[in-house]
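Remarks on the structure that follows.
Chain letters run A, B, ... following the sequence lines, proteins first, then strands; residues in each count from 1. Every heavy atom of this structure was used, including side-chain atoms; hydrogens, water molecules and symmetry mates were not.
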Amino acid sequence: MVVTELKAIKVETKVRVRNTDFYYGSEQALYGINIDVPARQVTALIGPSGCGKSTFLRTLNRMNDIIDGTRLVGEVMIDGEDIYNENTDVVALRKKVGMVFQKSNPFPKSIFDNIAYGPRLHGITNKDELTAIVEKSLIRAALWDEVKDRLHKSALDLSGGQQQRMCIARALAVEPQVLLLDEPASALDPRSTARVEELITELRKDLTILIVTHNMQQAGRISDFTSFFYEGRQIEFGPTKRIFTNPGEKKTEDYITGRFG
Amino acid sequence: MKSKMKEKAIKLVFTSAASTAILIVALIFLFLGNEAAPFAKVPGLSELFGQKWMPVSFEKESFGLLPLITGSLLVTFLATIIAVPFGVCGAVYISEVASRFERELFKPFIELLAGIPSVVIGFFGLIVLTPIVKDVFGLYSGLTALTGALLLALMAIPTIITISEDAISNVPKSYKEASAALGASELQTVWKVTVPAALSGIIAAVMLGMGRVIGETMVVMMVTGNAAIVTGSPFESVRTMTATIAAEMGEVPFGSDHYRALFWVGIVLLIMTFMLNLVSHRVLKKYQDKQ
Amino acid sequence: MRSRSAQTMIYWLMRAFTYFVLIVIAYIIFDIIRNGMPVLSWEFLTESPRKSGAEGGILPAIVGTLLLVLGTMAAALPLGMASAIYLSEYAKRGRFTEMLRLAILTLAGVPSIVFGLFGLGLFVLFLNFGASIIAGSLTLACMVLPTIIVSSEEALQGVPQSLREGSLALGATKWETIRKNVLPYAIPGMMTGSILGIGRAAGETAPILLTVAAFYLPGLPDSIFDQVMALPYHLYVLATQHPSADLVRPMQYGTALVLMILVMTVNLAAVLIRSRMRKKYRW
């Protein structure tokens, strides 16, 4: 059913996950996940705390690798390539799949050095080139006007909302194709949240975006597709409009209407 | 691919660096054991269980460790008895009673004390404390187990205060509030709730302090008089294991029975401190996990 | 009301205990300064001892101690910091890590004189360095290693995990992340703890007794395989082994004061680094 639904809207698949289980040590966190994430769309992952949506997000750039004793079984393909293959270059993968975290994590460096961190890692040393990248990334993250006069001041002096947009700019600076957002606005005030949401809508033109969110209205506002997770399983996946107006599963309906959470 | 190799190489470097700690411990046991081992054949391990330590003699040398062990234990015991009330009162006072100004004053002072080299404390003891002990207790000489214990207590106090204070300030505020809500006075709360809750931390602190005391060399060598006798009196002169090694190793002929016996002293000392250290860390760890 | 006054009394008692300790510490320091100051002179600091230390200065002992501190730092700092990086950044739960932690714990509890015995057995005799700067430095390095590892690891753990994740998510390798986004913020803290440990080593006597210290050696060393005098040992000898110990009392106090100043300077440096760092990084 999923497949027919997607075909009907004619989108190509960027990330394809098949029968994927995930374990923290002996504890299983994800059960048989199957999902086709459409390219250049915003896909929202929703569900109650501890349902596995963040864990799932972090499997897509292999961020879970850094946790001791984690294990994945199944297939996670990006552009048709299995990213859990023995020969996968994790560095190249993470360059392609950017991530922004729940709590903004500016490095204790200047704004410029924060944005240039990624490009420098990937071998760009030319000062003009870096300056151009920094400017472009900040413009894309709609932060340029606010910070252009203090690029060399500490990023820690930015406001919470600005910090989070700077983190988005930092992720954009390495030109990712997929952007993973882990509740990027959960710690922000409503105005900053609105700006981040605008930004996401803007970015979907050239990026495949997955966003984990607690906020149902937010999912409704910004996403094209929605996947509902519950207790480590994906309960339902489909166009956001349909999921919200006509959920196929009782659980989804209960969650969306706020009967549990 | 190249970067993967590089990452592996770097990890290997760090792993090997870390392994040296294991290597050093192994080497310590190996070298102490190696130098000590021949003694077990001639003159035999039973020699070590004798009552007398008389390593240089015209008739018959004897290498009984008993006086050295009792010497160390006596000094450690006395030092602990003296240090505990000061250390625990100090810790409770600093964390529960002291004003902010006092706290800011005490902490650097305690760190300062921990930073004074032991030989300086020994020197101070020798010049200033020894005559006092002699006069106060009307002794023939001020070089006694008690003199050593007083100084060692002083050296153990920073350890006891620092670690106990940590344990005490880690007691959840809710305990204290619950106690106060039940109408307990501040003092009752401190003694009946806070201190018991931090007790295992305090015990561990005392044991770590004891470990420091039993392994301390210079102070005891300078002020306890170094007589190898078995005694339980604080007013007698004693010779500890540490002082024995330090004083005699310099003059002993290499490879002699005496030389090897001193390594046995080192092994006994090592085992004792190791046990103390291990148990106190187990206690601390359990305690921290509980928090 | 009765319990109220009992409380006040006990608080005063605790206060008395605490202040007593402070007064003793203050008195020790005061005593050393008062008696040591008059001896401190240019001559005392820059000349070699004469008449087995009864006259002249303590230059060779100062130089010896400084060399030992440098040698200890050179050996222990890289090793200790690298071990801490392993423990904080690479170690996974398992046998090896457990063994490593036990080893560090054991090392931390080994009495200093036992390190002396070990240094004598390994460096002086087995490796045939003889009683020398290198044997003494390596012995002291083994002794301070656990302190350096533990405090460095603490400093590394103080760097928020989110900075590591942020860096890795941008495609940095593990080492790039450590080098560019962990170490720069942790190094001041690592240095602080390590220097405090090394300051302690500067004042230690027992380990160098058997591995390096010379009783009386008016010249300065030519190589790391030479014996040297050292301040703590010099003080010990002057105070207990000197034929006329009472007459050289001023020399003893002067040596004690110089030793204390040296150790305190090292500690102060560490504390300064710490407070400067606190201002620079706040998460």
Side-chain angles (χ1 to χ4, degrees), chain B residues 3 6-7 10-11 13-15 17-18 20-22 24-25 27-28 31-32 34-35 85-86 89-90 92-94 97 106 109 112-113 115-121 123-124 126 128 154 157 185-187 211 214-215 217-218 222 242 245-246 249-250 263 266 269-270 273-274 276-278 281, chain C residues 3 6-7 10-11 14-15 17-18 20-22 24-25 28 31-32 79 82-83 85-87 90 99-100 103-114 116-118 120-122 126 142 145 149 173-175 199 203-206 209-210 232 235-236 239-240 252 256 259-260 263-264 267:
Chain B
S3 83
K6 191 178 152 200
E7 287 291 312
I10 287 167
K11 184 177 174 184
V13 168
F14 287 123
T15 315
T20 46
I22 300 177
I24 292 171
V25 171
L27 284 174
I28 289 178
F31 270 85
L32 259 54
N34 193 36
E35 298 296 313
F86 285 100
C89 280
V92 173
Y93 184 76
I94 291 176
V97 187
F106 292 156
F109 244 91
L112 203 64
L113 173 57
I116 301 178
S118 63
V119 68
V120 172
I121 294 191
F123 170 65
F124 172 82
L126 187 66
V128 179
L154 193 62
I157 285 173
S185 73
E186 224 181 289
L187 181 70
I214 204 170
T217 311
M218 298 320 290
M222 291 168 89
T242 51
I245 301 174
M249 198 44 126
F263 274 93
L269 185 60
L270 183 59
T273 51
F274 175 67
L276 262 178
N277 208 15
L278 190 68
H281 268 88
Chain C
S3 82
Q7 174 172 322
I10 290 184
Y11 279 179
M14 286 174 17
R15 188 169 291 142
F17 268 64
T18 315
F20 181 75
V21 174
L22 292 194
V24 171
I25 301 170
I28 294 179
D31 183 63
I32 304 281
L79 204 56
S83 306
I85 292 175
Y86 175 79
L87 276 172
Y90 287 96
M99 247 172 71
L100 189 54
I104 293 166
L105 183 63
T106 309
L107 223 45
V110 173
S112 55
I113 187 70
V114 173
L117 274 184
F118 164 66
L120 175 72
L122 176 62
F126 183 76
C142 292
L145 194 61
I149 296 178
T173 64
K174 187 155 196 157
W175 171 235
E204 274 288 349
T205 320
L209 211 58
L210 308 175
L235 173 58
Y236 167 69
T240 63
Q252 298 163 7
L259 175 59
M260 227 167 60
V263 171
M264 299 284 166
N267 289 357

Checklist line | Contact winner vs chain C - M249(B), E186(B), M222(B), heavy-atom pairs under 4.5 Å | finding: E186(B)

Margin query: Can you classify the ring geometry of F126(C) versus F31(B) as parallel (below 30°), tilted (30 to 60°) or perpendicular (above 60°)?
Written below: perpendicular

Margin query: Can you tell me which portion of L100(C) sits under 4.5 Å from chain B's heavy atoms? Options are side chain, backbone, both or neither.
Written below: both

Next item on the list: Under 4.5 Å, counting heavy-atom pairs only, tell me which of I10(C), T18(C), T240(C) racks up the most with chain B.
Entry: T18(C)

Checklist line | Most chain C-contacting option - heavy-atom pairs closer than 4.5 Å, from F123(B), F124(B), F274(B) | finding: F123(B)

Note to self: Would you compute the distance between atom CD1 of I104(C) and atom CD1 of I24(B) and round it to the nearest 0.5 angstrom?
What the structure shows: 10.0 Å

Checklist line | Rounded distance [0.5 Å steps], CE in M218(B) versus OH in Y236(C) | finding: 5.5 Å

Next item on the list: Could you tell me whether the side chain of N277(B) and the main chain of L105(C) form a donor-acceptor pair under 3.5 Å?
Entry: yes

Notebook entry, point to check: What part of V92(B) gets closer than 4.5 Å to chain C, counting heavy atoms only: side chain, backbone, both or neither?
Noted result: both

Check: In terms of heavy-atom pairs under 4.5 Å with chain B, which of M260(C), M264(C), E204(C) leads?
Finding: M264(C)

Margin query: Pair F118(C), L27(B) - check side chain to side chain contact (heavy atoms under 4.5 Å, CB included), show working.
Written below: CA-CA 8 Å; F118(C) 164 66; L27(B) 284 174; 3.6 Å; yes

Notebook entry, point to check: Of all of I85(C), I32(C), V263(C), which one pairs up most often with chain B through heavy atoms under 4.5 Å apart?
Noted result: I85(C)

Next item on the list: Heavy-atom distances under 4.5 Å only: say whether I28(B) touches chain C with side chain, backbone, both or neither.
Entry: both

Note to self: Before we go on, tell me: are the rings of Y93(B) and F17(C) under 6.0 Å apart, centre to centre?
What the structure shows: no

Checklist line | Contact class of V97(B) relative to chain C, heavy atoms under 4.5 angstrom | finding: side chain

Note to self: Does any part of the side chain of V110(C), heavy atoms only, come nearer than 4.5 Å to the side chain of L270(B), both counted from C-beta?
What the structure shows: yes

Note to self: Please classify the contact between I22(B) and chain C as side chain, backbone, both or neither, with a heavy-atom cut-off of under 4.5 Å.
What the structure shows: both

Note to self: Whether the side chain of S83(C) engages the backbone of A17(B) through a donor-acceptor N/O pair (distance < 3.5 Å, no angle test) should be reported.
What the structure shows: yes

Check: Side chain, backbone, both or neither: which part of L210(C) has a non-hydrogen atom closer than 4.5 Å to chain B?
Finding: side chain

Checklist line | Contact class of L154(B) relative to chain C, heavy atoms under 4.5 angstrom | finding: side chain

Checklist line | Region of L117(C) in contact with chain B, defined by heavy-atom distances below 4.5 Å | finding: both

Check: When only pairs under 4.5 Å are counted, which of F86(B), F109(B), F263(B) shares the most heavy-atom pairs with chain C?
Finding: F86(B)

Note to self: Quick check for you: among L87(C), L235(C), N267(C), which has the greatest number of heavy-atom pairs under 4.5 Å with chain B?
What the structure shows: L235(C)

Check: Do you know the tightest heavy-atom contact between M14(C) and C89(B)?
Finding: CG-SG, 3.9 Å

Next item on the list: Could you grab the distance from atom CD1 of I245(B) to atom CD1 of I113(C), nearest 0.5 Å is fine?
Entry: 5.5 Å

Item checked: Closest non-hydrogen atom pair, S112(C) against T217(B) -> OG-OG1, 4.1 Å

Margin query: Quick check on L145(C) against chain B: is it the side chain, the backbone, both or neither that has a heavy atom closer than 4.5 Å?
Written below: side chain

Next item on the list: Could you tell me which non-hydrogen atom of K11(B) sits nearest to which non-hydrogen atom of Y90(C), and how far apart they are?
Entry: CG-CD2, 3.5 Å

Next item on the list: Hey, could you give me the CD1/CD1 distance between I121(B) and I25(C), rounded to the nearest 0.5 Å?
Entry: 9.0 Å

Check: Looking only at heavy atoms, which two atoms of F14(B) and A82(C) are closest? And how far apart?
Finding: CD2-O, 3.5 Å

Notebook entry, point to check: When only pairs under 4.5 Å are counted, which of S118(B), G211(B), A246(B) shares the most heavy-atom pairs with chain C?
Noted result: A246(B)

Margin query: Below 4.5 Å, heavy-atom pairs only: which of I28(C), V21(C), V114(C) has the largest tally toward chain B?
Written below: I28(C)

Note to self: Does any backbone or side-chain atom of T15(B) lie under 4.5 Å from a heavy atom of chain C? Answer side chain, backbone, both or neither.
What the structure shows: both

